[in-house]
Amino acid sequence: MSVRVRIAPSPTGDPHVGTAYVALFNYVFAKKHGGRFILRIEDTDRARSTAESEAAILRALRWVGLSWDEGPDIGGPCGPYRQSERGAMYKTEVAKLVESGAAYRCFCTAERLERMRAAAKGKSFVGYDGLCRGLARAESERRAAAGEAFVVRLAMPKTGQTVVADRLRGEVRFDNTQIDDQILLKSDGFPTYHLANVVDDHRMGITHVIRAEEWLTSTPKHVELYRAFDWPAPEWIHLPLLRNADKSKIAKRKNPVSLDYYRAAGFLPEALLNYLGTMGWSIAGDREKFTLAEMIEAFTFDRMSLGGPVFDLVKLAAMNADYLRALDDDDVVSRLRQWRLGDDYLRRLVPLVRQRVQRMDEFVPMTEYFFSGDLDYAALAQDLVPGNRTAKDVADCLLGLVEALDGERDFSPAALEAATRAFAEKVAWEAKELFMVVRMAATARKATPPLFETLAVLGRDVVRRRLRLCGEYLKRLR
RNA sequence: GGCCCCAUGGUCUAGCGGUUAGGACGGCGCCCUCUCACGGCGUAAUCUCGGGUUCGAGUCCCGAUGGGGUCACCA
């Protein structure tokens, strides 16, 4: 059977470095075995999924250099590759499960579930209590027909164990008493990840599920689903999780996590890929530089290590430096043009500064912060903290604004201004007071072109990082 | 807290019963050099602990400890 693997990102935010990490191993494994690498969009969370996020993820994956053989943009034999367009399949499949008794309708309200969880707090098992599991078939049919809202839950076996065969860990055993009756179909009729993932992986002929370790503990539910459907299960390979410096799962509050950040910061995609390839995997004992092609050539899961690797920006930068130095001068020029020194970026900059310079030789010094990375706030420490505020106030404010901006997909000047004004109101800051702080945090200057135009050109990743770093700097001031 | 996973320098890792425990990033020192960077050389720093198994454990087993993940109508 030929290898078919997939990466299944959820379009609910920025393109995540973890997605690239998992994609890399899927890609390499597929290529190693002459298989196919599939991109599937898991957009069943209709409240959080956005088209912009999906587009950003595709763009970022392309930038990093991983191309897929089947996907929402290029199609393929098992489409559609967007779960929101596959709704009918899930309903048909879940109906079979209800019919066979492997799943059941649950009419419990969110309020009841909340009370149930509160009551179970501190107990050894905190999953669904099974109230609706015992409902007579006729009553379940009747209530559904009457239009009462329901979800469909998996009827997990109540005894015995479920064994997950993980390629890297061997057989992992779970007592069935520990496993929740997972919701398969939400009351809006959309499937949860657990259902959609199993149905799609089956229908798309996925042979190996290579995904992050955070999924390991929900895999018994998937095992049970394959059993209930009487489908052959794929092989599971749970990759170690990328970590922050404190070893917790990599997260944007502690580490830049958006692939767009890495592009904006001037990392070369091949260097990033090489670095990700050293996270949990090694090509040889004394070697860590290798190309994608070399990784494919040498690839085997036998060379994985399972401790969660700390994602270290410093080491990434050192590796990036190696790649940069290996390019010839013309290549570097061309990379710089693609990055920020090209017409596109300059065209956005010129309207902001042309009225403010008298001579062209002022342009570069005046726009320096549009091209630099992290800024130094030491010289601004006094100005950053208005007389009526403490450093901590300003820090909290900045950090709060970053959170607010995280959810802001639209980074146009107008949207930024609206969001920032709304935030100012929320924290009871005078708008112009906040604007000045943001200006200094984003540019390390007190005089710049109009703030929101400037932020828009700097871009969401650079702006959020600078505001965060400035906030953290102020926190340390004390 | 229940369950699950993991455990070699600060970090990424090599090691798959017998090694002076290797490489890389970072640190420090020296050399190269008009400066800086590159490069070269050197140096400090690791097998979490406790029991076994074995002639012999970083390597195998058990336990403890520590870290992480997960317990949603999010993925």
Side-chain angles (χ1 to χ4, degrees), chain A residues 8-13 16 18-19 40-49 83 106-110 113-114 116-117 120-128 149-153 161-162 164 166 168-180 182-197 211-221 238-250 274-289 302-322 324-326:
Chain A
S10 179
T12 53
H16 201 280
T19 301
R40 183 175 73 218
I41 298 296
E42 307 235 338
D43 56 351
T44 54
D45 182 344
R46 74 211 186 324
R48 293 198 304 146
S49 297
Q83 290 183 329
C106 171
F107 299 90
C108 292
T109 61
L113 294 178
E114 206 171 305
M116 179 198 76
R117 269 190 290 269
K121 195 144 189 180
K123 297 258 182 64
S124 68
F125 180 70
V126 294
Y128 181 61
F150 65 87
V151 300
V152 176
R153 287 181 185 273
Q161 290 189 321
T162 297
V164 173
D166 180 88
L168 302 174
R169 287 160 259 263
E171 295 192 339
V172 183
R173 292 165 187 285
F174 298 83
D175 281 334
N176 289 152
T177 52
Q178 288 297 324
I179 304 169
D180 201 6
Q182 184 59 234
I183 291 177
L184 302 177
L185 202 68
K186 304 181 240 182
S187 57
D188 64 3
F190 275 74
T192 58
Y193 169 85
H194 306 281
L195 205 225
N197 143 268
R211 70 204 337 177
E213 188 180 354
E214 56 189 328
W215 293 109
L216 184 57
T217 48
S218 53
T219 309
K221 296 164 185 172
H238 289 96
L239 264 21
L241 250 15
L242 260 22
R243 309 296 181 93
N244 301 307
D246 65 3
K247 298 279 191 180
S248 58
K249 175 167 92 169
I250 196 166
N274 188 164
Y275 181 66
L276 289 174
T278 66
M279 301 274 89
W281 188 79
S282 61
I283 196 165
D286 58 350
R287 186 169 165 222
E288 58 180 17
K289 277 198 74 180
D302 295 341
R303 295 196 63 83
M304 291 291 308
S305 62
L306 300 180
V310 172
F311 188 94
D312 181 5
L313 267 178
V314 173
K315 179 136 186 186
L316 204 213
M319 186 165 268
N320 197 64
D322 277 346
L324 223 32
R325 281 192 280 263

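Lettering of chains follows the sequences in order, A, B, ..., and the numbering in each one begins at 1. It should be emphasised that the depicted structure is a prediction, and the values quoted were computed from it without experimental measurement.
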Practice problem: Give one of base, sugar-phosphate or nothing for A:Met319, where a contact means two heavy atoms less than 4.0 Å apart. | Solution: nothing
Quiz item: So how far is it from A:His16 NE2 to A:Leu242 CG, rounded to the nearest 0.5 Å?
Solution: 8.5 Å
Exercise. Answer with base, sugar-phosphate or nothing: what part of the nucleic acid does A:Arg211 contact at a heavy-atom distance below 4.0 Å?
Key: nothing
Self-check item: Rounded distance (Å) that lies between atom C1' of B:G22 and atom CZ of A:Arg287
Solution: 16 Å
Quiz item: A:Asn176 has an atom CG; how far is it from atom C1' of B:C4, in whole Å?
Solution: 14 Å
Quiz item: Which nucleotide in the set B:U70, B:C12, B:C73 lies at the smallest distance from any side-chain heavy atom of A:Glu214?
Solution: B:U70
Self-check item: Any strand: nucleotide that pairs with B:G2 via Watson-Crick or wobble, under 3.5 Å
Solution: B:U70
Practice problem: Taking atom P in both B:A37 and B:G26, compute the distance separating them and give it to the nearest angstrom. | Solution: 12 Å
Exercise. Specify the residue among A:Tyr193 and A:Val172 whose closest nucleotide of RNA chain B lies further upstream toward the 5′ end.
Key: A:Val172
Quiz prompt | Phosphate contact (B:C74 OP1 or OP2) by A:Lys186 side-chain N/O below 4.0 Å | solution = yes
Quiz item: Given the P atoms of B:C62 and B:A45, what is the spacing between them in whole Å?
Solution: 33 Å
Practice problem: Select one nucleotide: of B:G39, B:A72, B:C4, the one nearest the side-chain heavy atoms of A:Arg325. | Solution: B:G39
Practice problem: Using only side-chain N and O atoms of A:Ser282, determine if any of them is under 4.0 Å from OP1 or OP2 of B:A14. | Solution: yes
Practice problem: Looking only at side-chain atoms of A:Arg117, point me to the closest of B:C5, B:C73, B:A75. | Solution: B:C73
Exercise. State whether A:Lys249 places a side-chain N or O below 4.0 Å from either non-bridging phosphate oxygen (OP1 or OP2) of B:C6.
Key: no
Quiz item: Which is true for A:Gly307 with a 4.0 Å heavy-atom rule: it touches a base, it touches only sugar-phosphate, or it touches nothing?
Solution: sugar-phosphate
Self-check item: Spacing between A:Asp312 atom CG and B:G26 atom C1', to the nearest angstrom
Solution: 8 Å
Quiz item: Which one is paired to B:G27, where only Watson-Crick or G-U wobble pairs with both distances under 3.5 angstrom count?
Solution: B:U43
Practice problem: Look at the side chain of A:Asp188 and the backbone N and O of A:Phe190, then say whether any donor-acceptor pair between them is shorter than 3.5 Å. | Solution: yes
Practice problem: Quickly work out the A:Leu242 CG to B:C6 C1' distance and round it to whole Å. | Solution: 15 Å
Self-check item: Candidate nucleotides B:G2, B:A75, B:A24, ranked by approach to the side chain of A:Gln178 - the nearest
Solution: B:G2
Practice problem: Just call it for A:Glu42: base, sugar-phosphate, or nothing, with non-hydrogen atoms closer than 4.0 Å on any strand. | Solution: sugar-phosphate
Quiz item: Angle class for the A:Trp215/A:Tyr193 ring planes (parallel below 30°, perpendicular above 60°, tilted otherwise)?
Solution: parallel
Quiz item: With both distances under 3.5 Å as the test, what is the Watson-Crick or G-U wobble partner of B:A75?
Solution: none
Self-check item: Side-chain-base donor-acceptor pair under 3.5 Å for A:Lys289 and B:A24
Solution: no
Exercise. Whole angstrom is fine here: how far is it from CG in A:Asn244 over to P in B:G68?
Key: 10 Å
Practice problem: Could you check which nucleotide pairs with B:G9 in any of the strands shown, counting Watson-Crick or G-U wobble with both distances under 3.5 Å? | Solution: none
Practice problem: Could you tell me which nucleotide pairs with B:G18 by Watson-Crick or G-U wobble geometry, both distances under 3.5 Å, or answer none if nothing does? | Solution: B:C55
Quiz item: So which nucleotide does B:C32 pair with, by the Watson-Crick or G-U wobble rule with both distances under 3.5 Å?
Solution: none
Practice problem: State the pairing partner of B:U48; accept Watson-Crick or G-U wobble contacts with both distances under 3.5 Å, and report none otherwise. | Solution: B:A64
Quiz item: Which nucleotide in the set B:U11, B:G23, B:G2 lies at the smallest distance from any side-chain heavy atom of A:Asp286?
Solution: B:G23
Exercise. Can you tell me, in whole Å, how much space there is between the P of B:C49 and that of B:U54?
Key: 23 Å
Exercise. Using a strict cut-off of less than 4.0 Å between a Lys/Arg side-chain nitrogen and an Asp/Glu carboxylate oxygen, indicate whether A:Asp312 and A:Lys315 qualify as a salt bridge.
Key: no
Exercise. Write down the distance separating the C1' atoms in B:G69 and B:C31, rounded off to the nearest Å.
Key: 48 Å
Self-check item: Pair A:Arg211-A:His238, side-chain donor/acceptor within less than 3.5 Å
Solution: yes
Self-check item: Spacing of the P atoms in B:C28 and B:A44 (rounded, Å)
Solution: 16 Å
Quiz prompt | Rounded distance in Å - CG (A:Asp302) to P (B:U59) | solution = 20 Å
Self-check item: Proximity to the side chain of A:Arg243 - top-ranked nucleotide from B:C5, B:C73, B:G68
Solution: B:G68
Self-check item: Side-chain donor/acceptor of A:Thr217 to base of B:C4, under 3.5 Å
Solution: no
Practice problem: Could you check which of B:G69, B:C74, B:C4 has an atom nearest any side-chain atom of A:Leu216? | Solution: B:C4
Quiz item: Taking atom C1' in both B:U46 and B:C5, what distance in whole Å separates the two?
Solution: 23 Å
Quiz item: Rounded to the nearest Å, what distance is computed from the CG atom of residue A:Asp43 to the P atom of nucleotide B:A75?
Solution: 10 Å
Exercise. Answer with base, sugar-phosphate or nothing: what part of the nucleic acid does A:Arg169 contact at a heavy-atom distance below 4.0 Å?
Key: sugar-phosphate
Quiz prompt | Nucleotide of B:A14, B:U70, B:A75 approaching A:Asp45 most closely (side-chain heavy atoms) | solution = B:A75
Practice problem: Quote, to the nearest angstrom, the C1' distance that separates B:G15 from B:U35. | Solution: 43 Å
Quiz item: A:Val310 side chain: which of B:A14, B:U11, B:C73 is closest?
Solution: B:U11
Exercise. Select from A:Leu306 and A:Leu185 the residue whose nearest nucleotide in RNA chain B is closer to the 5' end of that strand.
Key: A:Leu306
Quiz item: When the distance from CG of A:Leu239 to C1' of B:C12 is rounded to whole Å, what number comes out?
Solution: 15 Å
Practice problem: For B:G58 and B:A14, measure between their C1' atoms and round to the nearest Å. | Solution: 12 Å
Quiz prompt | Pair A:Arg46 + A:Asp43: basic N to acidic O under 4.0 Å | solution = no
Practice problem: Identify whether the distance between the nearest side-chain nitrogen and carboxylate oxygen of A:Glu213 and A:Lys249 falls below 4.0 Å. | Solution: no
Quiz prompt | Short side-chain to backbone donor-acceptor contact, A:Asp175 and A:Gln178, under 3.5 Å | solution = no
Practice problem: Select one nucleotide: of B:C73, B:A75, B:G68, the one nearest the side-chain heavy atoms of A:Thr44. | Solution: B:A75
Quiz item: What is the nucleic acid contact for A:Ser187, judged by heavy atoms within less than 4.0 Å: base, sugar-phosphate only, or nothing?
Solution: base
Quiz item: Are a donor atom and an acceptor atom from the side chains of A:Ser248 and A:Asp246 found within less than 3.5 Å of each other?
Solution: yes
